[in-house]
Structures are given as structure tokens and as C-alpha cells.
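Being a predicted model, the structure only gives us computed values, none of them experimental. Just so you know, residue 1 is the first one in the sequence shown, and it goes up from there.
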Amino acid sequence: MSTVRSDIQQIFRDVLNNPDLVLTDDMTADDVPEWDSLSHIALMFSIESELGVTFSDTEMGSFANVGELVGTVEAKRG
């Protein structure tokens, strides 16, 4: 598991208050009951803050799944 993926998984666990959550590339908000529109914003801001990246307004709501989110963060971090 990449460092970015591991960090994002921990952020999801913390924000969604679900310590057993295991992310997969194809996972979406539809797959996680705690992941609603409000928690999505908290997730994005936490990822920005903790991983030192910035998402555009368009990016905030455009990720198709966790794999795309992880790939974008990895690309932004170089």
C-alpha cells in the first residue's frame, strides 16, 4: 500500500469514525454509509490539510472513486 493510500485511508477512518474501514480503488460514497455530502467536504479539507495538497472547486466533487482520489493526490505530491 502506498504511503498516500495509507494516509488517505487513515483520514477516512478518522473523519468517518470507522476504524475498520478498508478503502478499495473502486469504492464510492455509495459504498460507505457514513460518507455523505457533509462528510465528503470534511474528507477533502482533511486530505488537503494533512497531505499538503489543494483541490480546485471542480476537483472537490468530481472524483469518481477512491482510486481516482488517490491518483490525483499522488500526482499533486509529485
Side-chain angles (χ1 to χ4, degrees):
M1 180 181 293
S2 75
T3 301
V4 168
R5 179 178 301 280
S6 176
D7 291 344
I8 289 175
Q9 180 166 279
Q10 190 58 51
I11 291 166
F12 268 72
R13 288 176 174 179
D14 293 343
V15 170
L16 301 179
N17 196 29
N18 184 344
D20 300 322
L21 182 64
V22 176
L23 299 179
T24 62
D25 281 345
D26 61 343
M27 186 176 283
T28 68
D30 292 338
D31 301 315
V32 183
E34 303 90 357
W35 187 0
D36 59 19
S37 59
L38 189 57
S39 63
H40 180 79
I41 299 300
L43 286 165
M44 295 301 106
F45 285 136
S46 292
I47 291 168
E48 284 184 326
S49 174
E50 294 184 34
L51 300 183
V53 297
T54 303
F55 298 120
S56 69
D57 290 343
T58 303
E59 286 174 321
M60 283 272 184
S62 68
F63 298 110
N65 54 40
V66 170
E68 190 175 303
L69 171 62
V70 170
T72 299
V73 172
E74 287 175 336
K76 285 179 178 284
R77 293 187 76 193

Table please: side-chain donor-acceptor pairs of residues 29-36 below 3.5 Å, with sequence neighbours left out.
unit_1: D31; atom_1: OD2; unit_2: T28; atom_2: N; d: 2.8
unit_1: D31; atom_1: OD2; unit_2: T28; atom_2: OG1; d: 3.4
unit_1: W35; atom_1: NE1; unit_2: H40; atom_2: ND1; d: 3.2
unit_1: D36; atom_1: OD1; unit_2: L38; atom_2: N; d: 3.2
unit_1: D36; atom_1: OD1; unit_2: S39; atom_2: N; d: 2.8
unit_1: D36; atom_1: OD1; unit_2: S39; atom_2: OG; d: 3.0

Residues two or more places apart in sequence or in another chain: which of them pass side-chain hydrogen bond (donor to acceptor under 3.5 Å, both in side chains) with Q10?
D14

Do V73 and D7 come within less than 4.5 Å of each other through their side chains, counting heavy atoms only?
no

Of the non-hydrogen atoms in V22 and Q9, which two are nearest, and what is the gap between them?
CA-OE1, 3.5 Å

Restricting to side chain to side chain contact (heavy atoms under 4.5 Å, CB included), what partner residues turn up for S37, sequence neighbours left out?
none

Residues which pass side chain to side chain contact (heavy atoms under 4.5 Å, CB included) with T24, listed by chain and number, not counting sequence neighbours
D26, M27

If you look at every heavy atom in T54 and K76, which pair is closest and at what distance?
O-NZ, 2.9 Å

Given the rule in the side chain to side chain donor-acceptor pair (under 3.5 Å) test, do T72 and E59 qualify, once you have shown the distances and angles that lead to the verdict?
CA-CA 9 Å; T72 299; E59 286 174 321; 5.5 Å; no

Please tabulate, for the side chains in residues 41-50, all donor-acceptor contacts under 3.5 angstrom to protein atoms that are two or more places apart in sequence or on a different chain.
unit_1: S46; atom_1: OG; unit_2: A42; atom_2: O; d: 2.9
unit_1: E48; atom_1: OE2; unit_2: F55; atom_2: N; d: 2.6

E68: which residues meet the salt bridge (Lys or Arg N to Asp or Glu O under 4.0 Å) condition with it, sequence neighbours left out?
none

In terms of heavy-atom contacts, I8 and L51 come closest through CG1-CD1, 3.7 Å

